[in-house]
Amino acid sequence: MFLDIPGNEKYVGLPGFKKDVANSEQGSANGQHMVGSLYANGRGVENNNAEAVIWFRKAAEQGLDIAMLELGRFYCSGPRETIDMPKCI
């Protein structure tokens, strides 16, 4: 669960936190994208690109276009640790 990850308690005060986390944990593609965005941008949680990719992938697998775009960006030109050219193509 999102709150079980050390450091994520900092996000609790941000608007929409409980809704985003609850939605993502219940399988909402929009909620999963939001959690991925938080990790990608280090907003309220420590920046963690590997974790962002996990959440973007979950949302992309459900067909959320923006998550597919974000995932592609990470695979093709993102931070070094997320580049995966076979997945990019």
Side-chain angles (χ1 to χ4, degrees):
M1 293 178 88
F2 184 82
L3 285 175
D4 295 335
I5 300 170
N8 287 356
E9 64 277 356
K10 294 183 287 186
Y11 179 50
V12 173
L14 294 178
F17 167 76
K18 291 181 181 178
K19 181 180 175 185
D20 292 339
V21 172
N23 288 340
S24 67
E25 290 176 347
Q26 291 178 4
S28 163
N30 287 322
Q32 291 164 344
H33 174 261
M34 179 57 69
V35 173
S37 295
L38 294 167
Y39 276 115
N41 297 308
R43 182 154 185 228
V45 294
E46 191 168 328
N47 177 266
N48 185 329
N49 294 316
E51 194 69 26
V53 166
I54 290 169
W55 286 99
F56 286 144
R57 186 180 305 118
K58 287 179 182 188
E61 287 172 349
Q62 294 189 66
L64 187 64
D65 293 345
I66 189 69
M68 291 179 201
L69 179 67
E70 294 285 359
L71 190 57
R73 183 177 65 84
F74 269 91
Y75 285 151
C76 297
S77 62
R80 188 172 188 213
E81 72 271 13
T82 66
I83 293 177
D84 188 334
M85 292 314 280
K87 290 180 182 176
C88 174
I89 299 169

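Side-chain atoms of Asn47 come within 3.5 Å of backbone atoms of Tyr39 as a donor-acceptor pair (strictly under, hydrogens ignored).
Its side chain outside the 4.5 Å cluster rule for every partner, Ile54 clusters with none of the Ile, Leu, Val, Met, Phe, Trp and Tyr residues. Met68 belongs to no hydrophobic cluster with other residues, because no ILVMFWY side-chain heavy atom falls under 4.5 Å from its own, directly or through intermediates.
Heavy-atom minimum distance, Ala40 versus Ala52: N-CB, 3.6 Å. Among all heavy-atom pairs drawn from Ala67 and Ala60, the shortest one is CB-N, 3.6 Å.
For residues 54-70, the salt bridge (charged side-chain N to carboxylate O under 4.0 Å, His left out) pairs, not counting sequence neighbours, are Glu70-Arg73.
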Evaluate the side chain to side chain contact (heavy atoms under 4.5 Å, CB included) criterion for residues His33 and Trp55: first the C-alpha distance (whole Å), next the side-chain angles of each, then the deciding distance (0.1 Å), finally the verdict. CA-CA 6 Å; His33 174 261; Trp55 286 99; over 6 Å; no
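Distance check: Asn48 CG to Leu38 CG gives 12.0 Å after rounding to the nearest 0.5 Å.
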